[in-house]
Amino acid sequence: MEGRNLRKERTGLVASSSMDKSVTVDIRSKIKHPRYGKYLKKTTRLMAHDENNECGIGDTVRIMEIRPLSKNKCWRVVEIIEKAK
């Protein structure tokens, strides 16, 4: 019997927590320009499920990919790494 595939995990900053049981997480990364070699900052915004409404704006969180819960939401908050001050 085959096991489940590994889920993707990302670490990011909570940008918005005004929704019920949902947060918006900014994933920041640096990519190298293919021609000029300069590193560019890239930000990806993901919606994540926060079951207990524990996250606040500015928190650093780890999120994991799950099945789609709504039109935009297919990630869930695994843990809060660091609370905002």
Side-chain angles (χ1 to χ4, degrees):
M1 184 171 163
E2 294 182 27
R4 292 194 320 190
N5 292 333
L6 291 174
R7 305 284 192 254
K8 291 179 189 170
E9 286 195 353
R10 303 282 185 265
T11 304
L13 241 61
V14 176
S16 170
S17 63
S18 59
M19 299 159 281
D20 185 34
K21 296 189 179 186
S22 297
V23 290
T24 305
V25 181
D26 281 350
I27 310 296
R28 295 190 180 133
S29 60
K30 287 186 176 182
I31 58 165
K32 192 174 184 179
H33 192 281
R35 172 175 280 179
Y36 302 114
K38 180 177 180 175
Y39 284 93
L40 306 169
K41 293 176 187 172
K42 181 183 173 192
T43 304
T44 305
R45 276 209 159 165
L46 300 171
M47 294 271 293
H49 184 67
D50 180 19
E51 183 62 39
N52 301 322
N53 289 325
E54 296 170 336
C55 296
I57 295 175
D59 293 353
T60 305
V61 294
R62 196 169 91 229
I63 58 176
M64 177 187 284
E65 192 176 39
I66 56 170
R67 67 178 177 82
L69 297 176
S70 68
K71 178 182 173 183
N72 300 319
K73 196 163 59 165
C74 55
W75 296 82
R76 73 176 167 91
V77 176
V78 178
E79 69 170 329
I80 299 172
I81 297 171
E82 185 181 346
K83 292 291 275 183
K85 294 176 183 174

Can you measure from OG (Ser17) to CG (Asn53) and round to the nearest 0.5 angstrom? 8.5 Å

Please list all pairs meeting ring-ring contact (aromatic ring centres under 6.0 Å, His included) that have one or both residues in residues 4-33, counting only residues at least two apart or in different chains. His33-Tyr36

In short, salt bridge (charged side-chain N to carboxylate O under 4.0 Å, His left out) pairs touching residues 69-85 with sequence neighbours left out are Asp59-Lys83, Arg62-Glu79

Could you check whether any side-chain heavy atom of Lys21 comes within less than 4.5 Å of a side-chain heavy atom of Glu51, counting everything from C-beta outward? yes

On a heavy-atom basis, the closest approach of Trp75 and Glu65 is CE3-N, 3.4 Å

Nearest heavy atoms of Thr44 and Lys42, plus distance in Å: OG1-CE, 4.1 Å

Thr60 pairs by side chain to side chain contact (heavy atoms under 4.5 Å, CB included) with which of Val14, Leu13, Val25? Leu13

Near Ile31 CD1, under 6.0 Å, is it more than 12 heavy atoms from other residues, nucleotides or ligands? yes

In sequence, state the C-alpha distance, the side-chain angles, and the governing distance for Leu69 and Met47, and then conclude on side-chain contact (heavy atoms from CB on, under 4.5 Å). CA-CA 10 Å; Leu69 297 176; Met47 294 271 293; over 6 Å; no

How many angstroms lie between CD in Glu9 and CD1 in Ile63, if you round to the nearest 0.5 Å? 9.5 Å

Would you compute the distance between atom CG of Asp50 and atom OG of Ser22 and round it to the nearest 0.5 angstrom? 8.0 Å

Atom pair CZ/OG1 of Arg28 and Thr11 - distance to nearest 0.5 Å: 13.0 Å

Applying side chain to side chain donor-acceptor pair (under 3.5 Å) to Arg45 and not counting sequence neighbours gives Asp26

